[in-house]
Amino acid sequence: MAVAKNTKNVAGRWHNIETIVKSVQDPKTFKQNIMQAAEVIKSGGLVAFPTETVYGLGANALDNEAAGKIYFAKGRPADNPLIVHIDKNFDIERIARDVPAGARLLMDAFWPGPLTLVLKSRAGVFSYGHMDTVALRMPKHLKAQLLIHHSGVPIAAPSANISGRPSPTTADHVLADLGGKIDMILDDGACQHGVESTVIDFSESTPKLLRPGSITLKMIENAIGKVAVAALNGEEITPKSPGTKYRHYSPKGKLTLVIGEPQISSAKILEMLQNSTSKSPIILAPTANKDLYANVPFIGLGRRDEEIAANIYAVLRRCDDDEHDEIFVQGVEEKELGVAIMNRLKKAAGANVLEV
Ligand code: AMP
Ligand code: MG
């Protein structure tokens, strides 16, 4: 597989890295490939690996120099902290303190799984991102668990994309963004959920949802009662989760999100399409609404919200590959998993959100 060349390393010198891509789909060889990846993590390198949400870009969380390489490879702003991925044997008291009962209840209910908990951290553990809190997640994905287990350390991992681009849900997406910049990619095909983990902050007196995901607010509140919700959309800066303030998930083409009843929003999209001067426009909408878009360029996002969440980043990347310079997206209903889908779409759209 071809890899990009000429990337700078953390010390600022130009450097070529050969990115090794190994499949972990073959039952005969996956363990051996994961062991090789664990050696890369132990020696301070970067490994992209599959999780049940999106592909993560991992480094030894306890090695600040290794974690620093993640920021360099992704072009990630230095004030945006990393989620630390742990396995079931890890004693969280080593890095977190004053863990509240509500957080323990959520760990029992949803770990391993797509849920990240922000906790107060022990002093001096990390020198990147936040100093006083740590975001912890125990992934459910077997290969991710094995990688963490064999590395013998917690793994700091944001999504394995260039900052601002749609998150990666296949190894090819990772290779397209980070080939030549990272040591290894473990390929396990497409990710199951497609949207990143739900993030709940427990570092202050009341728990707060910082990022919606496939563990929905309703599921969280069923387990621990009322939870506050951070301003999830729009331009407002949420200081607790710096990642939420940056442009995110965006394809290269101009993306406009239209929100409203299917009949009304589709009519608006068709009108905008008619008036568009774009060379190669495309409409993205729930597959169930296909009949509303006869004879226009259309990609169905999926039938159910689970399918739409799993497909959304791949479809946005396909829009780039096919050089669509204008993208109209018909939103989904903002309930349950639809909240997470719309959160990502609003960020991809930036200011171009229209309610009809
Ligand atoms: P990603 O870069 O896709 O892995 O997203 C990680 C998200 O978790 C970002 O929005 C981060 O800002 C957020 N996050 C990570 N660590 C913390 C923390 N200690 N406190 C608050 N948010 C955090
Ligand atoms: Mg990300």
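Values below: every heavy atom of this structure, side chains too, minus hydrogens, waters and symmetry copies. Keep in mind the model is a prediction, meaning the values are calculated, not measured.
Both Met184 and Leu142 belong to a common hydrophobic cluster when Ile, Leu, Val, Met, Phe, Trp and Tyr are linked at side-chain heavy-atom distances under 4.5 angstrom. Residues Ile95 and Ile83 are members of separate hydrophobic clusters, defined by side-chain heavy-atom contacts under 4.5 angstrom among Ile, Leu, Val, Met, Phe, Trp and Tyr. Transitive grouping of hydrophobic side chains (ILVMFWY, heavy atoms separated by less than 4.5 Å) brings Met107 and Leu209 into a common cluster. Connection of Val229 to Leu106 is established within a shared hydrophobic cluster, with ILVMFWY side chains joined at heavy-atom distances below 4.5 Å, either directly or through further cluster members. Linking Ile, Leu, Val, Met, Phe, Trp and Tyr residues whenever their side-chain heavy atoms come within less than 4.5 Å places Leu105 and Leu117 in a single cluster.
Ala223 and Phe110 make their closest contact through CB-CE1, 4.3 Å (heavy atoms, listed as atom of the first residue, atom of the second, distance). Summarising the geometry of Ile34 relative to His150, their closest heavy-atom pair is CG2-CD2, 4.5 Å, with the distance given to 0.1 Å. Taking both residues in full, the closest heavy atoms of Ser214 and Val195 are given as N-CG2, 4.2 Å, listed atom of the first, atom of the second, then distance. When all heavy atoms of Leu337 and Ala309 are compared, the closest pair comes out as CD2-CB, 4.1 Å. Smallest separation of non-hydrogen atoms from Ala73 and Leu57: CB-CD2, 4.3 Å. Considering every non-hydrogen atom in both Asn33 and Ser23, the closest pair reads ND2-O, 2.9 Å.
Applying the side-chain contact (heavy atoms from CB on, under 4.5 Å) test between Ile86 and each of Val153, Asp91, Leu136 identifies Leu136 as the sole match. With Leu345 as reference, Ile312 is the one residue of Ile312, Ile259, Ile308 to meet the side-chain contact (heavy atoms from CB on, under 4.5 Å) rule.
Taking the six-membered ring where the residue is Trp, the centroids of Tyr55 and Phe49 are separated by 6.0 Å or more.
Between Glu221 and Lys218 there is no salt bridge, since none of the side-chain N atoms of the basic residue sits less than 4.0 Å from a carboxylate O of the acidic one. Classification of Arg104 and Glu93 as a salt-bridged pair holds, one side-chain N sitting under 4.0 Å from a carboxylate O. Using a 4.0 Å cut-off between charged nitrogen and carboxylate oxygen, Glu204 and Lys120 do not count as a salt-bridge pair. The pair Arg137-Glu196 fails the salt-bridge criterion, with no side-chain N (NZ, NE, NH1 or NH2) lying under 4.0 Å from an Asp/Glu carboxylate O. Look at Asp177 and Arg165 and you find a salt bridge, because one of the NZ, NE, NH1 or NH2 atoms lies within 4.0 Å of a carboxylate O, short of that distance. Note on Arg317 versus Asp172: no salt bridge recorded, every NZ/NE/NH1/NH2 to OD/OE distance being 4.0 Å or above.
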*For the pair Leu186 and Asp188, evaluate side-chain contact (heavy atoms from CB on, under 4.5 Å) and give the outcome as yes or no after the intermediate values.*
CA-CA 7 Å; Leu186 293 177; Asp188 197 34; over 6 Å; no
_Determine whether Ser167 and Tyr249 satisfy the following criterion, side-chain contact (heavy atoms from CB on, under 4.5 Å), listing intermediate values before the conclusion._
CA-CA 6 Å; Ser167 295; Tyr249 317 119; 3.8 Å; yes
*For Arg211 and Thr116, run side-chain hydrogen bond (donor to acceptor under 3.5 Å, both in side chains): C-alpha distance rounded to whole Å, both residues' side-chain angles, the deciding distance at 0.1 Å, then the answer.*
CA-CA 9 Å; Arg211 177 171 75 182; Thr116 297; 5.0 Å; no
*Which is it for Thr198 and Thr216 under the side-chain contact (heavy atoms from CB on, under 4.5 Å) test, yes or no, and what are the steps along the way?*
CA-CA 7 Å; Thr198 307; Thr216 63; over 6 Å; no
*asked:* Using side-chain contact (heavy atoms from CB on, under 4.5 Å), reason through Leu255 and Asn352 one step at a time and then give a plain yes or no.
replied: CA-CA 7 Å; Leu255 187 151; Asn352 305 323; 6.0 Å; no
*Mind running side-chain hydrogen bond (donor to acceptor under 3.5 Å, both in side chains) on Ser276 and Glu326 for me, showing each step along the way?*
CA-CA 8 Å; Ser276 168; Glu326 175 129 50; 2.9 Å; yes
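The shortest distance between side-chain heavy atoms of Thr133 and Leu119 does not fall below 4.5 Å. Taking the side chain as every heavy atom from C-beta outward, Val99 and Phe202 never approach each other to under 4.5 Å. Contact of the His141 side chain with the Gln145 side chain is not registered, since no non-hydrogen atoms from C-beta on lie closer than 4.5 Å. Considering only heavy atoms from C-beta on, Leu284 comes within 4.5 Å of Cys319 through its side chain. Within the 4.5 Å cutoff, the side chain of Ile20 has no heavy atoms near those of the Ile185 side chain.
Put simply, NE2 on His85 and CD1 on Ile148 are 7.0 Å apart, with the number rounded to the nearest 0.5 Å. Rounding to the nearest 0.5 Å gives a distance of 14.5 Å between CZ of Phe298 and CZ of Phe328. Note that CD1 of Ile155 is 4.0 Å distant from CD1 of Ile41, once rounded to the nearest 0.5 Å. Distance CG/Leu316 to CZ/Arg344: 12.5 Å, rounded to 0.5 Å. Note that OG of Ser278 and CG of Leu273 are 8.0 Å apart. Values are rounded to the nearest 0.5 Å. Here the CD1-CG distance, from Ile283 to Leu270, works out to 5.0 Å after rounding to the nearest 0.5 Å.
Between the side chain of His173 and the backbone N or O of Thr169 there is at least one donor-acceptor pair closer than 3.5 Å. Using modelled atom types, one side-chain atom of Lys69 and one backbone atom of Gly44 make a donor-acceptor pair closer than 3.5 Å. The main-chain N or O of Gln192 is never found under 3.5 Å from a side-chain atom of Glu52 such that the two would form a donor-acceptor pair. Judged by distance alone, the side chain of Thr19 and the main-chain N or O of Gly180 form a donor-acceptor pair under 3.5 Å. When atom types are taken as modelled, the side chain of Ser159 and the backbone of Gly56 share no donor-acceptor pair closer than 3.5 angstrom. The closest donor-acceptor contact from the side chain of Arg97 to the backbone of Ser121 lies under 3.5 Å. Distance alone, capped at 3.5 Å, is enough to place a donor-acceptor pair between the Asn311 side chain and the Leu301 backbone. No donor-acceptor distance shorter than 3.5 angstrom exists from the side chain of Asp322 to the backbone of His324, with no hydrogens or angles considered. Formation of a donor-acceptor pair under 3.5 Å by the Asp183 side chain with backbone atoms of Ile17 is not found in this model. Put simply, the side chain of Asp63 gets close to the backbone of Ala66: a donor and an acceptor are under 3.5 Å apart.
With a 6.0 Å radius and a threshold of 12 heavy atoms from other residues, nucleotides or ligands, Arg94 has its CZ atom at or below the threshold. With a 6.0 Å radius and a threshold of 12 heavy atoms from other residues, nucleotides or ligands, Lys143 has its NZ atom above the threshold. The number of heavy-atom neighbours closer than 6.0 Å to NZ of Lys42, taken from other residues, nucleotides and ligands shown, is above 12. Around CZ of Arg318, the count of heavy atoms belonging to other residues, nucleotides or ligands within 6.0 Å does not exceed 12. Applying the 6.0 Å contact sphere to CG of Asn275 captures more than 12 heavy atoms from other residues, nucleotides or ligands. Shown here is Glu323, whose CD atom has no more than 12 heavy atoms of other residues, nucleotides or ligands within 6.0 Å.
Checked by atom type, the side-chain pair Ser265/Gln330 shows a donor-acceptor distance below 3.5 Å. In this model, no donor atom of one side chain and acceptor atom of the other lie less than 3.5 Å apart for Thr53 and Ser197. Judged purely by distance below 3.5 Å, without hydrogens or angles, the side chains of Lys74 and Asn161 pair a donor atom with an acceptor atom. Using modelled atom types, one finds no donor on one side chain facing an acceptor on the other under 3.5 Å when comparing Asp325 with Ser280.
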